[in-house]
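Read the structure below first, then the notes.
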Protein chains: 2
Amino acid sequence: MADIKSPPHGATKLTANPLFLRDEELRQAIEMLFFAYRDFTGVADEILADYGFGRAHHRAIYFIGRHPGMTVSDLLRILRITKQSLNRVLGQLIEEGYVSQQKGVQDRRQRLLRLTDKGRALEERLSAAQRTLIAGAYREVGAESVEGFRKVLLGIMGNEEDRERFERLLPPRR
Amino acid sequence: MADIKSPPHGATKLTANPLFLRDEELRQAIEMLFFAYRDFTGVADEILADYGFGRAHHRAIYFIGRHPGMTVSDLLRILRITKQSLNRVLGQLIEEGYVSQQKGVQDRRQRLLRLTDKGRALEERLSAAQRTLIAGAYREVGAESVEGFRKVLLGIMGNEEDRERFERLLPPRR
DNA sequence: CATATAAGTCAACATGGCTGACATAAAATC
DNA sequence: GATTTTATGTCAGCCATGTTGACTTATATG
């Protein structure tokens, strides 16, 4: 037991095994992502509960708000869920007046999605809660740290297409 | 259409509204968290599917591996789910030999939870996939960025108790 | 005209949250 | 020693949100 847990004696303090440290650092990152994401979604979940909505509704509202006039296929591609799953929540959002549909002009098979005023109000409430949370975190750290945070998140994103959405705001850096 | 999408002409480049930029920065953070977390869990989900397990199993395995000998109550407190929800997955993990239970010594009502060898093997597989993903992201950026990433995630975590788990590895910085 | 595509629908099923009610064993308290 | 509290587990049922598969309708495109 003891011989497994403790690294070889003597050199421990000064030459702490870099492989162990690296591993521990990575494990901490995993755990921090879990807790941070839980709290991040938590602030929105509380609001959604007032409306009888869930996270699925939030995601739809978020992306429609972000890309007004997007098609149903666009939304499916971003969310990576099935049409049937999406239609359950999208149907509710449309019926309850949070999202409007409009036939496409070039392609009239498409239904272009937009938030109504009511939808925008909800989106703003949800987004404000999450932005406040993140703004608080950003405020406590320097601009460097914020940039580091962004870079690491970009690195975690596997999909090149997703990544491209974010390369715009900040300078290319190459 | 066009007048909605484009910001007012002329002054955009040089005097870009700092409030708008801040807002856009925060909105991007929200979106990046969504995509990064989706991919982060995605690499584990693929493995879990091989075992017929879901994310709930993963979380239990993860925290039991991280805190061997923890009690059921401890786990409930970390996961913030109900006993009934936990027992559904924990029961499977125990029955299929991934987790062992052992009566507490001081308090024999407690069931101390540990991964079996089989459980540790699965934990290692899952963790390795996620660590690889994060290691890749860490490798592309500097140590500064990693530190910034950690700081921002800590700032997002509301709960002081959760936060304390992470203040150990890195220097206090005050 | 034939085929492909965008969207929607119905039905059935799985996972993993939840509530509420209750049981058992062991610890803690009066 | 009797009572109460705590740690754990269990049964039953509900809800949200994901899945697959089959099929329809309208429209675009070759």
Side-chain angles (χ1 to χ4, degrees), chain A residues 34 37-38 41-42 44-64 69-96 99-114, chain B residues 34 37-38 41-42 44-64 69-96 99-114:
Chain A
F34 170 74
Y37 198 76
R38 186 183 62 181
T41 52
D45 289 345
E46 285 174 28
I47 296 168
L48 289 160
D50 290 353
Y51 294 75
F53 291 151
R55 273 186 210 177
H57 301 86
H58 186 187
R59 290 194 285 267
I61 286 174
Y62 181 85
F63 285 106
I64 295 169
M70 77 190 307
T71 67
V72 173
S73 316
D74 291 339
L75 191 49
L76 285 173
R77 215 169 301 121
I78 289 184
L79 296 178
R80 291 197 199 154
I81 58 176
T82 58
K83 192 174 41 169
Q84 296 90 324
S85 283
L86 176 59
N87 257 24
R88 197 155 34 198
V89 300
L90 194 53
Q92 278 179 274
L93 290 173
I94 291 167
E95 188 172 341
E96 301 184 29
V99 169
S100 72
Q101 278 180 320
Q102 184 190 349
K103 286 197 179 178
V105 277
Q106 311 107 320
D107 188 337
R108 283 183 358 205
R109 289 171 304 179
Q110 297 177 334
R111 299 296 127 90
L112 309 183
L113 303 171
R114 283 186 174 76
Chain B
F34 171 73
Y37 198 76
R38 187 183 62 182
T41 53
D45 290 344
E46 284 174 28
I47 296 168
L48 290 160
D50 290 352
Y51 294 76
F53 291 151
R55 274 188 209 175
H57 301 87
H58 186 187
R59 290 193 285 266
I61 286 175
Y62 181 86
F63 285 106
I64 294 169
M70 78 191 306
T71 66
V72 173
S73 315
D74 290 339
L75 191 51
L76 285 173
R77 214 168 302 121
I78 288 183
L79 297 178
R80 291 196 199 157
I81 59 175
T82 59
K83 191 175 43 168
Q84 295 92 324
S85 286
L86 175 59
N87 258 25
R88 198 157 33 198
V89 300
L90 193 53
Q92 276 178 275
L93 291 172
I94 291 167
E95 188 172 343
E96 300 183 29
V99 169
S100 72
Q101 278 179 320
Q102 186 191 347
K103 287 196 178 180
V105 277
Q106 310 109 320
D107 187 336
R108 287 183 355 209
R109 289 170 305 180
Q110 296 177 335
R111 298 297 127 90
L112 308 184
L113 303 171
R114 283 187 174 75

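The shown structure was predicted, so the numbers you read here are calculated from the model rather than taken from an experiment. Chain letters run A, B, ... following the sequence lines, proteins first, then strands; residues in each count from 1.
B/Thr82 has no side-chain polar atom (N or O) that falls below the 4.0 Å cut-off from OP1 or OP2 of C/dG17. Considering only side-chain N and O atoms, A/Ser85 lies under 4.0 angstrom from the phosphate OP1 or OP2 of D/dT19. Note on B/His57: a side-chain N or O is less than 4.0 Å away from OP1 or OP2 of C/dG16. Using a 4.0 Å cut-off, no side-chain N or O of A/Gln84 falls inside it from OP1 or OP2 of C/dA12.
Looking at which nucleotide of DNA chain C each of B/Phe53 and A/Leu90 is closest to, the 5′-most match is held by A/Leu90. Residue-to-nucleotide proximity on DNA chain C shows that, of A/Gln110 and A/Arg88, the 5′-proximal contact is made by A/Gln110. Take the nearest nucleotide of DNA chain D for A/Gly54 and for B/Leu112: the residue whose nucleotide is more 5' is B/Leu112.
Remark: A/Phe63 CZ to A/Met70 CE distance equals 8.0 Å, nearest 0.5 Å. Once rounded to the nearest 0.5 Å, the distance linking CG of B/Leu93 with CZ of B/Arg88 reads 13.0 Å. One distance of note links CG of A/Leu90 with CD of A/Glu95; it measures 11.5 Å at 0.5 Å rounding. Atom CZ of A/Arg59 sits about 10.5 Å away from atom CG of A/Leu86, to the nearest 0.5 Å. Of the inter-residue distances, the one linking B/Leu75 atom CG with B/Tyr62 atom OH reads 13.0 Å to the nearest 0.5 angstrom.
The separation between B/Met70 atom CE and D/dA7 atom P is 14 Å, rounded to whole Å. Counting to the nearest Å, the P atom of D/dG18 and the CG atom of A/Asn87 are 13 Å from each other. B/Gln92 has its CD atom 12 Å from the P atom of C/dG17, to the nearest Å. Between the P atom of C/dT5 and the CG atom of A/Asp74 lies a distance of 16 Å, rounded to the nearest Å. If you measure from atom CG of A/Leu48 to atom P of C/dG17, you get 18 Å, rounded to the nearest angstrom. Regarding A/Leu86, its CG atom lies at a distance of 12 Å from the C1' atom of D/dT17, rounded to whole Å. If you take CD of A/Glu46 and C1' of C/dC18, they are 17 Å apart, rounded to a whole angstrom. Taking atom CG on A/Leu75 and atom P on D/dT17, their separation rounds to 14 Å, with Å as the unit.
The aromatic ring centroids of A/Tyr37 and B/Phe34 lie 6.0 Å or more from each other.
Side chain to side chain, B/Arg111 and B/Gln102 fail the donor-acceptor criterion of an N or O pair below 3.5 Å.
Contacts of B/Gln101 with the nucleic acid, taken as non-hydrogen atoms under 4.0 Å apart, involve only primed sugar atoms and P, OP1 or OP2.
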Protein-nucleotides 23-30 of chain D N/O pairs closer than 3.5 Å?
from: D/dT27; atom 1: OP1; to: A/Arg108; atom 2: NH2; distance (Å): 3.4
from: D/dT27; atom 1: O2; to: A/Arg109; atom 2: NH1; distance (Å): 3.4
from: D/dA28; atom 1: OP1; to: A/Gln106; atom 2: O; distance (Å): 3.4
from: D/dA28; atom 1: OP1; to: A/Arg108; atom 2: N; distance (Å): 3.0

